[in-house]
Asker: 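One structure follows; several queries about it will come next.
As the structure is a computational prediction, the values presented were derived from the model and not from experiment.
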Number of protein chains: 2
Amino acid sequence: MATMKDIAREASVSVATVSMVLNNKPNSRISKHKREEIERLARKLNYQPNFAAISLSKQQSLNIALIVPDITNPFFSLLTKEIDLSLEKDGYSTIFVDSNNSFQNEKKAIESMVSRGVDGIILVPSNEFFRVDQAQRKQLIANLDKPFILLNAYPNDLDVSYVNFDNVNGAYIATQELINKGHQEIAFIQGQTGFVNAAERLTGYQQALRDHHLAVKPQNLFMGDYSVGSGYELASTITQRKDITAILSSNDLMLFGIIKWAKMHHIDVLHQYAMIGFDNDPYSEILEVPLTSVDQRPKAMIEKALAILLERIGSDHPVNKHALIKPELIKRASVFAPVTTSE
Amino acid sequence: MATMKDIAREASVSVATVSMVLNNKPNSRISKHKREEIERLARKLNYQPNFAAISLSKQQSLNIALIVPDITNPFFSLLTKEIDLSLEKDGYSTIFVDSNNSFQNEKKAIESMVSRGVDGIILVPSNEFFRVDQAQRKQLIANLDKPFILLNAYPNDLDVSYVNFDNVNGAYIATQELINKGHQEIAFIQGQTGFVNAAERLTGYQQALRDHHLAVKPQNLFMGDYSVGSGYELASTITQRKDITAILSSNDLMLFGIIKWAKMHHIDVLHQYAMIGFDNDPYSEILEVPLTSVDQRPKAMIEKALAILLERIGSDHPVNKHALIKPELIKRASVFAPVTTSE
DNA sequence: CCTTTTTGCTTAACCGGTTAAGCAGTTGAT
DNA sequence: ATCAACTGCTTAACCGGTTAAGCAAAAAGG
């Protein structure tokens with residue numbers, strides 16, 4: 001690997017001159033002749049800057065850490081893709097960490113990334129992030145003087161930058177869609193409480209019911225954990241409730257779980273219940289009845305999040321900023337008028 | 001951020017001493033007293049090593065680049081997860097790049113990663129990687145004296161390390177499974193030719209037919225590109241062929257495409273055709289009829305690939321190594337005896 | 001023609017570590 | 001008592017850049 005030293009030697013100039021030329025320093029006064037000579041040599045020797053050296057002297061790495069709970073989840077992999085492609089355009093590389101849904105791993109990752117000198121950290125928090133006690137979360141953020149942003153969820157007890165999508169509105173428009181089709185008994189599968197997204201979605205669901213003068217019934221609420229498995233486990237309970245005609249689920253995966261269970265028990269759940277999920281999972285199109293879903297508009301979220309993060313990296317007066325992205329309801333065949341069950 | 005200098009000052013020793021203590025240098029002769037003092041101070045000051053500095057002086061970054069064609073593809077996201085979790089255990093971080101299925105991006109990424117001083121590069125090549133002319137591929141590898149390994153596919157015209165799964169065997173056991181159930185006219189949806197995986201799967205398919213004394217018919221071959229869309233497009237052609245009773249697809253996604261098309265045309269493809277795909281996509285479990293699929297055993301692939309890569313990083317005599325991972329047929333409901341079509 | 005400014009470069013310190021070499025002071029062997 | 005070997009540390013060079021300060025020569029200004 002050719003270094004600036006090599007170029008300097010061949011061009012009979014100092015390393016400083018080479019550095020100034022190759023970085024196009026605005027106030028540098030280098031003769032056109034030397035400039036061209038140095039550039040020629042850089043090409044000839046296939047000079048590639050050494051990032052470790054730049055990193056060390058400039059105190060910036062052009063690396064951004066991205067910590068996600070589970071890359072296997074299609075929503076997170078979509079986020080990851082968009083973030084990576086977008087960061088690359090700005091000259092940053094993505095250091096990727098799969099926290100495997102563990103707060104301890106998130107903590108370790110953040111410490112390790114700070115030590116690695118990343119320029120910023122994007123954390124898509126795990127469920128567990130919201131289940132540990134506030135003190136632990138606080139401590140995590142307290143020791144952190146890196147540009148940092150939470151994506152896709154935020155705790156209300158922490159002063160950090162975050163970008164999330166508007167859960168209240170998302171749940172509201174989804175519930176409204178079901179009500180408009182004539183549903184009155186709408187099951188709502190929550191995510192765990194403590195998770196802000198879950199609480200907000202519940203709020204949106206309740207608000208929509210109230211605004212349409214429908215009762216908010218505790219027995220219509222079911223608790224899941226965003227996994228296919230938890231949908232699977234809830235399925236028998238929900239399908240026993242003969243009054244329910246529609247299901248609103250905090251994500252598509254849990255609906256997939258219900259569908260799987262139903263398939264194994266020969267119940268035609270897809271035509272019996274109107275269903276809406278969250279995440280707009282691309283796989284839902286493959287289902288016999290493609291799912292209507294609340295799209296969180298990941299691209300918009302990322303655009304905003306990166307704008308906030310990069311601005312934060314550029315400035316020296318850290319100000320925490322927040323943004324909520326308006327969701328979009330992607331309408332598919334899974335929403336229809338109530339079906340009277342006859343069994 | 002506390003540096004070794006800070007610790008050295010407080011402990012009244014030189015930076016070198018601090019370095020030796022904190023790195024537990026085997027042949028360093030430091031008094032127990034100083035050693036403990038330095039370790040105490042490191043904890044007290046919350047010392048975190050500066051990776052850029054270590055990187056620069058040790059000429060190693062503890063970063064491994066992972067380049068995948070599309071993280072949104074569940075097979076690649078699974079690979080990514082396993083690689084990340086595994087590398088982390090070895091103290092490495094993953095620099096992630098989504099090449100977005102472009103050879104140019106792969107090339108740019110490799111150059112950029114070399115410049116960033118990663119210790120090794122894992123490339124999961126895109127389709128395009130195999131479509132550009134050999135000269136371009138050759139050039140890419142020629143300029144590369146980094147530990148490098150191809151994962152999940154390899155070109156037969158390049159001398160590099162690679163780990164792949166045994167495509168021939170995979171296609172063979174899948175075809176055999178269908179034959180054993182009584183199928184004789186088995187459609188095979190290939191991936192593009194030029195792609196070694198595609199050619200090998202075709203070989204396995206043909207071999208199985210021959211070994212069971214069945215004819216290899218060119219009209220039973222269909223050309224896809226591994227996307228849901230291409231399955232969708234092939235669906236009408238395939239379903240018109242009334243002699244066909246089973247479909248072997250080079251991946252699950254293309255079967256999803258066929259299923260989607262069939263759904264929109266009210267054809268019960270899931271019960272008409274026995275089907276086997278590749279990749280063992282977790283989503284196939286959600287289908288009305290879960291798909292039998294050839295599992296490429298990604299964990300085994302990764303284990304092997306990382307072993308080869310890390311060994312290569314540790315040694316200074318670069319030897320290219322190869323491994324083929326034996327596939328496993330995951331049997332589900334989509335394989336059944338031929339159904340006589342009556343339309 | 002002399003002074004000031006500008007040009008075109010170099011010097012040297014610094015970023016934060018690593019590591020071979022070296023040097024007193026102590027210990028051990030003979 | 002003498003010399004060798006070991007102990008416990010320091011010095012200094014190095015990794016590959018960046019960047020403020022400085023300096024000689026050339027150009028501009030009066």
Asker: So if I take the C1' atoms of five pairs at each end of the helix from C/dC1-D/dG30 to C/dT30-D/dA1 and get each local axis, what angle do the two axes make, rounded to 10 degrees?
Answerer: 50°
Asker: Specify the separation, in whole Å, of atom NZ of A/K25 and atom C1' of C/dT7.
Answerer: 19 Å
Asker: CG of A/D6 versus P of D/dG17: gap in Å, rounded?
Answerer: 9 Å
Asker: Is A/R9 salt-bridged to A/D6, going by a charged N under 4.0 Å from an acidic O?
Answerer: yes
Asker: Evaluate B/R40 against B/E37 for salt bridge (charged side-chain N to carboxylate O under 4.0 Å, His left out), listing each step before the verdict.
Answerer: CA-CA 5 Å; B/R40 194 183 60 74; B/E37 172 72 357; 3.3 Å; yes
Asker: Would B/R312 and B/S161 count as having a side-chain donor-acceptor pair, cut-off 3.5 Å?
Answerer: no
Asker: Taking only side-chain nitrogens and oxygens of A/K5, does any of them come within less than 4.0 Å of OP1 or OP2 of D/dG17?
Answerer: no
Asker: Going by the salt bridge (Lys or Arg N to Asp or Glu O under 4.0 Å) test, name the single residue among B/K44, B/K5, B/K34 that passes it with B/E10.
Answerer: B/K44
Asker: Yes or no on side-chain hydrogen bond (donor to acceptor under 3.5 Å, both in side chains) for A/N164 and A/N197, after CA distance, side-chain angles and deciding distance?
Answerer: CA-CA 9 Å; A/N164 200 356; A/N197 286 356; 2.8 Å; yes
Asker: Can B/Y154 and B/V160 be said to form a side-chain contact (heavy atoms from CB on, under 4.5 Å), step by step?
Answerer: CA-CA 8 Å; B/Y154 64 95; B/V160 286; 5.5 Å; no
Asker: For DNA chain D, which residues of residues 36-58 of chain B approach it to below 4.0 angstrom with any heavy atom?
Answerer: B/L56, B/S57
Asker: Using whole Å, report how far CG of A/L62 lies from P of D/dG17.
Answerer: 15 Å
Asker: Below 3.5 Å between N/O atoms, which protein atoms pair up with nucleotides 5-12 of chain D? Just atom names and distances, please.
Answerer:
| unit_1 | atom_1 | unit_2 | atom_2 | d |
| --- | --- | --- | --- | --- |
| D/dG8 | N7 | B/R29 | NE | 3.0 |
| D/dG8 | N7 | B/R29 | NH2 | 3.3 |
| D/dG8 | O6 | B/R29 | NH2 | 2.9 |
| D/dC9 | OP1 | B/S31 | OG | 3.3 |
| D/dC9 | OP2 | B/S31 | N | 2.5 |
| D/dC9 | OP2 | B/S31 | OG | 2.8 |
| D/dT10 | OP1 | B/S14 | N | 3.4 |
| D/dT10 | OP2 | B/S14 | N | 2.9 |
| D/dT10 | OP2 | B/S14 | OG | 2.9 |
| D/dT10 | OP2 | B/T17 | OG1 | 2.6 |

Asker: Would A/I122 and A/L309 count as a side-chain contact (heavy atoms from CB on, under 4.5 Å) here? Give the steps.
Answerer: CA-CA 8 Å; A/I122 303 170; A/L309 188 70; 3.7 Å; yes
Asker: Are A/D70 and A/N100 linked by a side-chain donor-acceptor pair shorter than 3.5 Å?
Answerer: no
Asker: I'd like to know if the side chain of A/S115 pairs up with that of A/S112 as donor and acceptor (distance under 3.5 Å, no hydrogens or angles considered).
Answerer: no
Asker: Indicate yes or no for a side-chain donor-acceptor contact from A/T94 to the backbone of A/F96 under 3.5 Å, with no hydrogens or angles considered.
Answerer: no
Asker: Distance check: side-chain N/O of B/Q59 vs OP1/OP2 of D/dG16, anything under 4.0 Å?
Answerer: yes
Asker: Whole Å only: how far is the CD1 atom of A/I7 from the P atom of D/dT18?
Answerer: 11 Å
Asker: Nearest whole angstrom, please: distance from the C1' of D/dG17 to the CG of A/L22.
Answerer: 11 Å
Asker: Please step through side-chain contact (heavy atoms from CB on, under 4.5 Å) for the pair A/N152 and A/Q296, ending with a clear verdict.
Answerer: CA-CA 9 Å; A/N152 192 46; A/Q296 314 192 24; 3.4 Å; yes
